[in-house]
Amino acid sequence: MAGPLTLLLVRHGQSEWNAAGLMQGQTPHVPLTQLGHQQAAQAAAELASLTRDGAGPGALLSSDLRRAVQTAEHCAAATGLPLRTTPALREQGYGVLEGRPSRELWDVVDWTDPHWSAEGGESLAQLHDRVAALVEELRAAPPAAVVAVVTHGDTIRAVQAVAAGLGPEAMPAVTPHNGTVTRVELAS
């Protein structure tokens, strides 16, 4: 590839479980709320605006989890891009903790250990490795110079770390809000 690859990372709109304060992880069936659809439409409008300005995405990838796919469908309609889904963009798996109130998990999850995982889940290190493999795949065979990627909060933080050459122990602490677009430049 001649130049850098730009990823426009779209965090899915608010889901029913976001609104209820439940740990989602890789639970596949959780849909967007009405607010989530509005947030998805706003993110889609931002991508469409970039497209009109000549700086928009030429490809659209999404996590295959329902909340991300519903968001990506808004993006596909606004940009005219075909949608491709991949499990590589799923949220971090929280195994047996999925569906439980998030506030109950602060004392259960070891947020400081990138190798900790819940039973049946995956660690931040495993998430980081999964995302790093996808980023390398995109670098090796980019579907476009600018790619819109609809995904999840922890996954976005992992992409940011990989792009900055950081390991899972140095992932950004701040998770982008639902329905926002985060730009990441990947050097060739």
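Because the structure is a prediction, the values reported are computed rather than measured. We number each residue from 1, following the sequence as shown.
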Are side-chain heavy atoms of Arg11 and Thr175 found at a separation under 4.5 Å? yes
How close do Arg66 and Pro31 get, counting heavy atoms only, and between which atoms? CZ-CB, 3.7 Å
Which label fits His29 and Trp17: parallel for a plane angle under 30°, tilted from 30 to 60°, or perpendicular past 60°? perpendicular
Indicate yes or no: at least one non-hydrogen side-chain atom of Met171 is less than 4.5 angstrom from one of Leu166. no
Interatomic distance, OG1@Thr180 vs CD@Glu46, rounded to 0.5 Å, equals 8.5 Å
With side chains defined as the heavy atoms from C-beta onward, is the minimum distance between Pro57 and Val146 less than 4.5 Å? yes
Check: Leu89 and Leu61 side chains under 4.5 Å, non-hydrogen atoms: yes
Could you pull out all donor-acceptor pairs under 3.5 Å where a side-chain atom in residues 70-88 meets a protein atom, sequence neighbours excluded?
unit_1	atom_1	unit_2	atom_2	d
Gln70	OE1	Leu32	N	2.7
Thr71	OG1	Gly13	N	3.0
Thr71	OG1	Arg67	O	2.9
His74	NE2	His37	ND1	2.9
Thr79	OG1	Cys75	O	2.8
Thr79	OG1	Leu81	N	3.3
Thr86	OG1	Ala88	N	3.1

Of the options Gln26, Gln92, His128, which is the one that meets Glu122 in a side chain to side chain donor-acceptor pair (under 3.5 Å)? Gln26
Please determine whether side chain to side chain contact (heavy atoms under 4.5 Å, CB included) holds for the pair Ser63 and His152, giving the CA-CA distance in whole Å, both sets of side-chain angles, and the decisive distance to 0.1 Å. CA-CA 8 Å; Ser63 159; His152 310 270; 2.8 Å; yes
Roughly how far apart are Leu124 CG and His115 NE2, rounded to 0.5 Å? 9.5 Å
So, do Leu5 and Val135 sit near enough that their side-chain heavy atoms are less than 4.5 Å apart? no
Just checking, is any N or O donor in the side chain of Gln24 or Ser15 under 3.5 Å from an acceptor N or O on the other one? yes
Using the side chain to side chain contact (heavy atoms under 4.5 Å, CB included) rule, take Asn18 and His12 through it: C-alpha gap first, then chi angles, then the decisive distance, then the call. CA-CA 11 Å; Asn18 287 139; His12 64 79; 3.3 Å; yes
Side-chain touch Pro101/Leu22, heavy atoms, less than 4.5 angstrom: yes
Using a distance-only test with no angle check, is there a side-chain donor-acceptor pair under 3.5 angstrom linking Thr6 and Glu185? yes
Val150 reachable from Val159 in the ILVMFWY side-chain graph, under 4.5 Å edges: no
Take Asp64 and Arg90 through the test side chain to side chain contact (heavy atoms under 4.5 Å, CB included) and record every step on the way to the result. CA-CA 7 Å; Asp64 61 351; Arg90 287 181 180 172; 2.7 Å; yes
Tell me whether the centres of the aromatic rings in Trp106 and Trp111 are closer together than 6.0 Å. yes
Is there a donor in the side chain of Gln14 and an acceptor in the side chain of Gln38, or the other way round, less than 3.5 Å apart? no
Is the shortest heavy-atom distance from the side chain of Val131 to the side chain of Leu134 under 4.5 Å? no
I need the full list of salt bridge (Lys or Arg N to Asp or Glu O under 4.0 Å) pairs touching residues 105-120, with sequence neighbours left out, sorted by first then second residue. none
Interatomic distance, OG1@Thr182 vs CG@Leu8, rounded to 0.5 Å, equals 9.5 Å
Looking at Thr155 and Thr151, would you say the former's side chain and the latter's main chain have a donor-acceptor pair under 3.5 Å? no
